[in-house]
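Every number for a ligand or one of its atoms is a count from 1 in the order of the listing. We count residues from 1, following the sequence as given.
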Amino acid sequence: MINVTKSYLGNKEKFMAYVDRIYNTGWLTNHGPLVLALEERLKEYLGVKNIILTNNGTIALQIAYRALGITGSAITTPFSFVATTSSLQWEGIRPIFADIDSATWNLDPDQIEARIEHDTTAIVATHVFGNPCAVERIQQIATKHDLKVVYDGAHAFGVRLGGQSVFNWGDISTLSFHATKLFHTIEGGAIVTNDDALAARIRLLCNFGIVDTDVIQGIGINAKLNEFAAAMGLCILDDIEGILEQRAEIGHRYELALADYFELQLPQPDSQRNYSYFPIALASERQLLRSREQLNDNGINPRRYFYPSLDTLEYLQPQVPQPRSRALSRKVLCLPIYPGLPVKVQNRVIQTLIQESIHSEQASRAMFHPLAEAFGLLATPQLSGAACKRIS
Ligand SMILES: *Cc1c(COP(=O)(O)O)cnc(C)c1O
């Protein structure tokens, strides 16, 4: 089976040489030399002021909220991986969803202000599929209402906006280095901030609040990355340019072949993409399910990122429905994209999708014309919450 991604494994001998070093020093974790080396190299590669490595991307979000003193509620996007929302709820912060922009698929800045409540202290937005959010607008709103801004940058490794790292926006950006991500440390993550004092606080939070052997300053948790994980990161970082090039090549082929048939995510102007994912929006959920079945029959396993829309999570009900996110989440399918994906396989993906699309369009024209129009309505962004609920 060809999956949506395949974890990148760098050069094995190089990794083994790092493992030898770990065996020689006996230093396995707690700010070891490989973690420190990886932090230094990432800081330089990404072009950011402070980066603190963590043992996953979810705890990076949780620590970001703690470090910024976020309480009460936070405005967030319903179209993201579940951890963006669940990390808030886990930290006792009520997620308030604001709808997405139907073109960029990111949190729509025009939807934020109306959703702010008396206890709202933050905006938590995702650069979804690596596409930068409307960062200037979001910062304006945050400044006006005295809100903190956290960006879930789990998809945005290496993404640049206006010539600099997208992680330089917001009070904090978090990253995930999970094995399925573009750059990974098997499990891992990071917290980025330009504020040195904040960075120092974050380091304490990541290590039980321990200042040194005899001094504990406030509550903390264990979010430390280990040396084996850092070794994996160092090996992969050596190959990062090739990884990005191969992803871009595959992404461009998909774009050329599929842009006439499917809706694609609108890239933020002046941004440089990383092709961490290749999502397409199909005409309807029915077409998505049919296409997925056809792809499965051809040995290909695309994934529905992100479904369901997070405003439908059972443990958060009742919620104000977010119709654009609900409509989009029913239609988006992420296609296989990773270094080493054979062109032959990619062509099979493209052919299967186009055939199914043409077939279903002909079928709907021939037989279900009024019905197809009704389905077209489903994708209309202006559809009211109540209407959306009725249809679903
Ligand atoms: C992967 C991911 C996370 C969680 O990261 P982990 O390292 O798996 O904990 C958070 N947010 C988004 C958007 C993600 O894609």
Side-chain angles (χ1 to χ4, degrees), residues 3-8 35 38 42 51-66 74-91 93 95 97 100 104-107 122-133 149-159 166-167 169-170 172-192 206 221-226 228-230 232-233 236 247 265 273-279 302-311 313 325 328-329 332-334 337-338:
N3 288 314
V4 69
T5 194
K6 186 174 169 184
S7 293
Y8 187 87
V35 163
L38 184 58
L42 283 173
I51 183 163
I52 299 105
L53 299 183
T54 61
N55 46 19
N56 63 66
T58 305
I59 199 129
L61 284 164
Q62 291 172 236
I63 289 173
Y65 310 148
R66 293 252 173 178
I75 309 292
T76 190
T77 174
F79 189 67
S80 182
F81 182 59
V82 65
T84 315
T85 289
S86 61
S87 58
L88 284 165
Q89 185 76 5
W90 192 271
E91 289 297 326
I93 304 156
F97 296 105
I100 56 168
T104 66
W105 305 355
N106 283 324
L107 186 62
I123 299 169
V124 176
T126 302
H127 302 302
V128 85
F129 303 130
N131 195 26
C133 290
V149 179
V150 175
Y151 285 112
D152 182 340
H155 304 164
F157 189 89
V159 168
V166 72
F167 302 135
W169 287 90
I172 288 181
S173 297
T174 64
L175 287 77
S176 166
F177 299 155
H178 183 257
T180 55
K181 306 296 206 262
L182 183 155
F183 169 83
H184 76 90
T185 59
I186 310 168
E187 291 271 6
I191 304 172
V192 170
C206 289
I221 197 165
N222 179 4
K224 299 187 305 290
L225 192 70
N226 72 70
F228 290 86
M232 179 62 78
I236 294 175
R247 283 181 169 276
Q265 186 181 25
R273 309 186 53 175
N274 65 2
Y275 293 96
S276 49
Y277 298 85
F278 199 91
R303 286 291 297 272
R304 296 186 76 177
Y305 295 142
F306 293 98
Y307 179 85
S309 182
L310 297 173
D311 59 313
L313 284 176
S325 175
L328 185 72
S329 70
V332 169
L333 199 58
C334 284
I337 185 165
Y338 53 83

- request: Only counting residues at least two apart or in another chain, list the ones meeting salt bridge (Lys or Arg N to Asp or Glu O under 4.0 Å) with R303.
  value: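 Residues passing salt bridge (Lys or Arg N to Asp or Glu O under 4.0 Å) with R303: none at all.
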field: Contacts of type salt bridge (Lys or Arg N to Asp or Glu O under 4.0 Å), residue R247, not counting sequence neighbours
entry: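 Result, salt bridge (Lys or Arg N to Asp or Glu O under 4.0 Å) vs R247: none returned.
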field: N/O donor-acceptor pair under 3.5 Å between N274 side chain and G158 backbone
entry: no
- prompt: Less than 4.5 Å apart, any side-chain heavy atom of P279 and any of W105?
  reply: yes
Starting from the N and O atoms of ligand 1, find every protein N or O within less than 3.5 Å and list the pair with its distance.
residue  : atom   : partner : partner atom : Å
ligand 1 : 5 (O)  : S176    : OG           : 3.1
ligand 1 : 7 (O)  : G57     : N            : 2.8
ligand 1 : 7 (O)  : S176    : OG           : 2.7
ligand 1 : 9 (O)  : G57     : N            : 3.3
ligand 1 : 9 (O)  : T58     : N            : 3.0
ligand 1 : 9 (O)  : T58     : OG1          : 2.6
ligand 1 : 11 (N) : D152    : OD1          : 3.4
ligand 1 : 11 (N) : D152    : OD2          : 2.7
ligand 1 : 15 (O) : H155    : NE2          : 2.7
ligand 1 : 15 (O) : K181    : NZ           : 3.1

field: Passing candidate, ring-ring contact (aromatic ring centres under 6.0 Å, His included) with H155, options F278, Y305, Y277
entry: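 It is Y277, the one option of F278, Y305, Y277 that forms the ring-ring contact (aromatic ring centres under 6.0 Å, His included) with H155.
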message: According to side chain to side chain donor-acceptor pair (under 3.5 Å), who are the partners of R304, at least two apart in sequence or on a separate chain?
response: E285
